[in-house]
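Input: a single structure, listed below in structure tokens.
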Number of protein chains: 2
Amino acid sequence: MDTKTRIIEIATKLFQQKGYIGVGLSEILKACNISKGSLYHHFPNGKEELLIACLESLNDVITQDIENIFNQYPTTKEAINAMIDQLIVHFETEGTIAGYTFSSIVSEMASLSEPVRHACSLLYAKMQSIYTNKLVEDGFSTEAAESLALTMVATVEGGMMLCLTQKSSFPLKTISLVVPNLLQEFQN
Amino acid sequence: MDTKTRIIEIATKLFQQKGYIGVGLSEILKACNISKGSLYHHFPNGKEELLIACLESLNDVITQDIENIFNQYPTTKEAINAMIDQLIVHFETEGTIAGYTFSSIVSEMASLSEPVRHACSLLYAKMQSIYTNKLVEDGFSTEAAESLALTMVATVEGGMMLCLTQKSSFPLKTISLVVPNLLQEFQN
DNA sequence: GTCTATAATACGATAGAC
DNA sequence: GTCTATCGTATTATAGAC
């Protein structure tokens, strides 16, 4: 694997775990086992350019990963439960939820850097669109599907926050039981 | 107002806006118009002690504020809509959602500082308990009330994140329309 | 209780050798 | 393409005068 790709992969994980300001360049260099000069060769505009590259790479990963799950299950209800289950397993084995959440980056950077805010916005939109498409397949109206998809993205994101805070997967487990009821209500 | 209280009030706002690592001591000193010596007199253990004091103070503010709203409306459905409306107004006038969200602090600090994680956990628990009590008043079973309250806290928190990312209050507006349906379903 | 001065360190970024 | 050395400037924290 080439250096640039390796930097992006490692930095993505670090940014998700500790946020943008929380990760120093030195930490990234150490984790990648490269020097400062090498990093600035691949990312001339430094740390912010690297972050945006990470968010764009994350967009591809999330798209593939979530779409894989959503293709395996016939209904949105089953698919989202499978997705939450995967988040729970990841949280219980790794202790963190790197992979789908980047809320710390949003909170820190949304008001500071417009390019970063935009990249985050695309990520949320991507997840939401996968949910929406599946819900339309399920027979929901486009309008209902979009509202529900947005709400589910918000609920899962907030649920991960609660898991992190409580050091427990209980919040996401509860949410995976409650969310199907939300879909049920709309279907009636 | 005494200095210590003023430091806590100003620092709380800054921490909520930019996160813990995002706010330097110097920025806090400038905003409070005090010197470094004064701050370390009131908080001998420095920045982290100040953050925890802020989170504890926030606990009181949120409790009062949310309970006020919840006492004004007969049902949880109306109360939570009023609460979300208040968040939307705040977001549209101030551009940020300082007051109820501290997700950046959670993301940054949950794995780094156990005292901070615990203080954040108490805050979420407080909000959840207010929701739960109201839902029980509404006639929900304790178990259903707790699950729904947790889900609503997560959904609102995630919704604020989406508003921040999209620079729009649309996500919370959508959520305030969807959430009542969730309560409806459980009530049946 | 508040101040200034200082310490020690970490930050992101740049220059230039190889 | 990768390296080391260096530059300013941030950071948190401490010591001691008033």
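Reminder, nothing fancy here: chain letters follow the sequence lines and each chain counts from 1. A quick note: this is a predicted structure, and the numbers were derived from the prediction, not measured.
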Among B:Phe15, B:Tyr20, B:Tyr124, which residue satisfies the ring-ring contact (aromatic ring centres under 6.0 Å, His included) criterion with B:Phe102? B:Tyr124
In whole angstroms, how far is the P atom of D:dA13 from the CG atom of B:Leu25? 6 Å
For B:Ile7 and C:dG1, what is the distance between atoms CD1 and C1' respectively, to the nearest whole Å? 11 Å
Take A:Glu27 and A:Pro44, find for each the nucleotide of DNA chain C with the closest heavy atom, and name the residue whose nucleotide sits nearer the 5' end. A:Glu27
Shortest non-hydrogen separation from A:Glu48 to A:Pro115 and the atoms involved: OE2-CG, 4.2 Å
Nearest of D:dT2, C:dA13, C:dA5 to any side-chain atom of A:Lys47? C:dA13
Look at the side-chain N and O atoms of B:Thr3 and state whether any lies under 4.0 Å from the OP1 or OP2 oxygen of C:dT2. yes
Phosphate oxygens OP1/OP2 of C:dC11: is one of them under 4.0 Å from a side-chain N or O of A:Ser26? yes
Between CD of B:Glu48 and C1' of D:dA13 the distance, given in whole Å, is 14 Å
Once you round it to whole Å, what is the distance between P of D:dT14 and CG of B:Leu39? 12 Å
What is the distance, rounded to the nearest whole Å, between atom CG of A:Asp2 and atom C1' of D:dT2? 14 Å
D:dT4 C1' sits how many Å from A:Ile34 CD1, rounded? 14 Å
To the nearest angstrom, how far is A:His42 atom NE2 from C:dA13 atom C1'? 17 Å
Can you figure out which of D:dA13, D:dG1, C:dT14 approaches the side chain of B:Lys36 most closely? D:dA13
What nucleic acid atoms does B:Gly37 come within less than 4.0 Å of, heavy atoms only: base, sugar-phosphate, or nothing? base
Whole angstroms only, please: what is the CG-P distance between B:Leu29 and C:dT2? 12 Å
Minimum heavy-atom distance between A:Glu108 and A:Lys18, given as atom pair plus value: OE2-O, 4.5 Å
From the options C:dA13, D:dC3, C:dT2, select the nucleotide whose nearest atom is closest to the side chain of A:Ser38. D:dC3
When you measure from the side-chain N and O atoms of A:His41 to the phosphate of D:dC3, is any distance below 4.0 Å, counting only OP1 and OP2? no
Looking at B:Glu78 and B:Lys134, is there a salt bridge between them, counting it only when a charged N and a carboxylate O are closer than 4.0 Å? no
How far apart are the closest heavy atoms of A:Leu50 and A:Ile7, and which atoms are they? CD1-CG2, 3.8 Å
